[in-house]
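Everything numeric in this text was worked out from a predicted model, so none of it was measured. Letters go in sequence order (proteins before strands), and every chain restarts at 1. The analysis underlying the following values was restricted to heavy atoms, covering all of them including side chains, and did not include hydrogens, waters or symmetry mates.
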2 protein chains.
Amino acid sequence: MTYFSGMSATAPSIAEVAALVGNPARANMLTALLDGRALTAGELAHAAGVSPQTTSGHLAKLAEARLLLLSKQGRHAYYRLASPLIGRMLEGIMAVAADGPPRYRPRSRGDEALRTARTCYDHLAGRLGVALADTLSARGQVEMGEDGGEVTEDGAAFLTDFGLPITDLRNGRRTFCRPCLDWSERRPHLAGALGAALTDRLFTLGWIMRQRDTRAVLISAKGRAGLKAAFGIELGADGA
Amino acid sequence: MTYFSGMSATAPSIAEVAALVGNPARANMLTALLDGRALTAGELAHAAGVSPQTTSGHLAKLAEARLLLLSKQGRHAYYRLASPLIGRMLEGIMAVAADGPPRYRPRSRGDEALRTARTCYDHLAGRLGVALADTLSARGQVEMGEDGGEVTEDGAAFLTDFGLPITDLRNGRRTFCRPCLDWSERRPHLAGALGAALTDRLFTLGWIMRQRDTRAVLISAKGRAGLKAAFGIELGADGA
DNA sequence: CGATCGCTTCGGCGGATCCCGAACCGTCCG
DNA sequence: CGGACGGTTCGGGATCCGCCGAAGCGATCG
């Protein structure tokens, strides 16, 4: 952007917007966000193939130009496309670049796996994560608020029986239970010590398994049966 | 394009295409071409607000990337958008830039005037220019070929009677008659000494009049009557 | 509390871009 | 033929951008 001196409050020009996309690192970040999910700065750095510092600069520019929205969560910074207009614009550019129809995958296989169940650092997200939170809420075993959650007496009994050291968790330094907004489902799932412990227990039971090079987790046959028996959760092809 | 080292034969990346648009001069040229007309390098230089040399460089890049097509005509170089995909891409970018619907004029008033009748250097183009060429061809008074045209015996008599010094024109050094592709109509109109003389005659008769700051010409009431009587031409709102 | 982690800011280097003045070439005109 | 004109090529100068190393900051974890 050699010429856009005082962008100030005036509407950005065509060239300004195009110049933002006209950088391989930024273009990679934008296409990585094309499916509507929110990704952390680190994930975007990986997708773009540049260092975290460079990434931070790019993301700041994209956010200032209102192409991206920023949500901070703990020490993570989540970025997502600011509007469907951005996606349409990128499709238009891709069509010209490829001289054909857009070829990104709105729902690739890997993407579908991520939407079904994935780790969100140390707890579960995706349809599985949301379903667990929903079930525990519906049963009155967990009460979720805006900034935190609490386990009821009934919930404590149930979860202890499931193998979670509820008392220890509650006395730990880490936030016991808090909601974490799920970007593919746009609804909260369980985070905090409780979310991490529950996830850990599912791994230990062999109900879910990690995969290489992705945050998606696989649900085993035993896991399907167990989730249905313990939580009444069935993740069909159509989702939660 | 700091990074696009060997573009070679591979399909251009999103960033490459966007970077081409991400320059104010090039963006201005592209938007000037949005209505589908072909413009000369000089006209595009004016639209972009940069020098002819700079313009030439930009146009070369855009043509190499297949965003523009180049047609040479005499000493003029006509550039136009390579495909409707380019227009759609620009609309998409404009929508993001303006955060609203695209606001260029696919058919503005001035544009409509230009399509009806305009000068193409010293001869007539637009619907009027094409209609004159069509009529003279249909009557067998002018025979148009690929690279040149000729006036028949009947045509010479008619045009001489109309006030054109056909014999003098034919003996002049300037190409007597040649077709000139019309970019709004995509069909040929009359150029060369004959086209210039005919246009000059119409100005002298007061049938057509120049306007300020545009190549569009106005057809007077007398002109409408005369054109209908002499050539059977009526330019309604719907065109030729 | 100290250590780690994720993200951001700061500073400087290297390189590419953009632009125009000058010159060149082909076309058109008298 | 000579001049004018439109377009392009060549060369250099100013600018800016993208990138990373080093350091700072807040949140999290043991």
Trainee: Please enumerate all residues that pass ring-ring contact (aromatic ring centres under 6.0 Å, His included) together with B/F203, with sequence neighbours excluded.
Mentor: none
Trainee: Can you tell me how far C1' of C/dC19 sits from CE of B/M29, to the nearest Å?
Mentor: 12 Å
Trainee: Please give, in whole Å, the distance from D/dG6 P to B/L39 CG?
Mentor: 15 Å
Trainee: Whole angstrom is fine here: how far is it from CG in A/L59 over to P in C/dG6?
Mentor: 16 Å
Trainee: Does A/S51 have any side chain to side chain donor-acceptor pair (under 3.5 Å) partners at least two apart in sequence or in another chain, and if so, which?
Mentor: A/Q53, A/T54
Trainee: Does anything in residues 49-57 of chain B come within less than 4.0 Å of DNA chain C? Heavy atoms only, and list the residues if so.
Mentor: B/V50, B/S51, B/Q53, B/T54
Trainee: Quickly work out the A/L44 CG to C/dT8 C1' distance and round it to whole Å.
Mentor: 15 Å
Trainee: A/A82: which residues meet the side chain to side chain contact (heavy atoms under 4.5 Å, CB included) condition with it, sequence neighbours left out?
Mentor: A/L69
Trainee: Taking 4.0 Å as the cut-off, does a side-chain nitrogen or oxygen of B/K61 come that near to OP1 or OP2 on C/dT17?
Mentor: no
Trainee: Would you work out how much the helix from C/dC1-D/dG30 to C/dG30-D/dC1 bends between its ends, with each end axis defined by five base pairs, to 10 degrees?
Mentor: 20°
Trainee: B/A41: what forms a side chain to side chain contact (heavy atoms under 4.5 Å, CB included) with it, not counting sequence neighbours?
Mentor: B/L59, B/Y79
Trainee: I need the CD-P distance between A/E64 and C/dT9, as an integer number of Å.
Mentor: 11 Å
Trainee: Could you give the CG-to-P distance, from B/L62 to C/dC18, as a whole number of Å?
Mentor: 10 Å
Trainee: So does A/R75 get a side-chain nitrogen or oxygen closer than 4.0 Å to the phosphate oxygens (OP1/OP2) of C/dT8?
Mentor: no
Trainee: Just jot down the side chain to side chain contact (heavy atoms under 4.5 Å, CB included) partners of B/T204, sequence neighbours excluded, or say none.
Mentor: B/D200, B/R201
Trainee: Test of understanding: with salt bridge (charged side-chain N to carboxylate O under 4.0 Å, His left out), list the residues that count as partners of B/R170, not counting sequence neighbours.
Mentor: B/E150
Trainee: Within the pair A/H58 and D/dC17, is there a side-chain N or O less than 4.0 Å away from OP1 or OP2?
Mentor: no
Trainee: Indicate whether OP1 or OP2 belonging to C/dG6 is found under 4.0 Å from a side-chain N or O atom of A/K72.
Mentor: no
Trainee: Is any side-chain N or O of A/Y78 closer than 4.0 Å to OP1 or OP2 of C/dC7?
Mentor: no
Trainee: Going by side chain to side chain contact (heavy atoms under 4.5 Å, CB included), name the residues that satisfy it together with B/A196, two or more places apart in sequence or in a different chain.
Mentor: B/D122, B/R174
Trainee: Hey, is the main chain of B/V96 close enough, under 3.5 Å, to the side chain of A/R88 for a donor-acceptor pair?
Mentor: no
Trainee: Just to confirm, is there a sub-4.0 Å distance from OP1 or OP2 of D/dC17 to any side-chain nitrogen or oxygen of A/N23?
Mentor: no
